[in-house]
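To keep things clear, I will list the structure first and then write my remarks on it.
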Amino acid sequence: MLESKVSTDIPLASGSPASDPGRNLFVRCLMQVVWPAFVGAAMTVGLLFSVIDPIQIEWVSVHLADNRAAAYTLAFLVFWVMFSITCCLTWYLAITETPRGRPGGGPANR
């Protein structure tokens, strides 16, 4: 039968501080959460505003005084926060993963 090598190959999930010296958990979180969220938000804003002109959105004309740059900035920040939340959830699930065959693991232990 095949053995699961899920978290032993991942330095962050193994919990061993010697596996990745010089990087603490906060820095790894920033690299694995904030950067992908930034890239995702940039692509989403680019795709969204290549289809829709922000001035056509009533909310922009009322609250942002028909300012396209403000609409781009606000949309980017909103998408960045949304992507950060989803990336943070994925990151949390990845670091708390328990491989099969260990206490608290998958269906093999039930």
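Values in this document were obtained by computation on a predicted structure and should not be read as measured data.
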(Q) Would a single hydrophobic cluster contain both L89 and M82, if residues Ile, Leu, Val, Met, Phe, Trp and Tyr are joined by side-chain heavy-atom contacts under 4.5 Å? (A) no
_Whether F83 and F79 hold their rings parallel, tilted or perpendicular, with breakpoints at 30° and 60°_ = tilted
F49 side chain near F76 side chain, heavy-atom distance below 4.5 Å: no
In short, A37 meets C87 closest at the heavy-atom pair N-SG, 4.1 Å
Review point. Does W91 belong to the same Ile/Leu/Val/Met/Phe/Trp/Tyr cluster as L93, with side-chain heavy atoms less than 4.5 Å apart forming each link?
Key: no
Common cluster, M43/W35, ILVMFWY with side-chain heavy-atom separation under 4.5 Å
yes
Smallest heavy-atom separation, I55 atom then N67 atom, equals CD1-N, 4.2 Å
Contacts satisfying side chain to side chain donor-acceptor pair (under 3.5 Å) that involve residues 38-55 (not counting sequence neighbours) are D53-R68
Hydrophobic clustering (ILVMFWY, side-chain heavy atoms < 4.5 Å, transitive) - are L77 and V81 grouped together? no
Joint hydrophobic cluster, V39 plus V78, side-chain heavy atoms closer than 4.5 Å
yes
- prompt: Is any side-chain heavy atom of L47 closer than 4.5 Å to a side-chain heavy atom of V51?
  reply: no
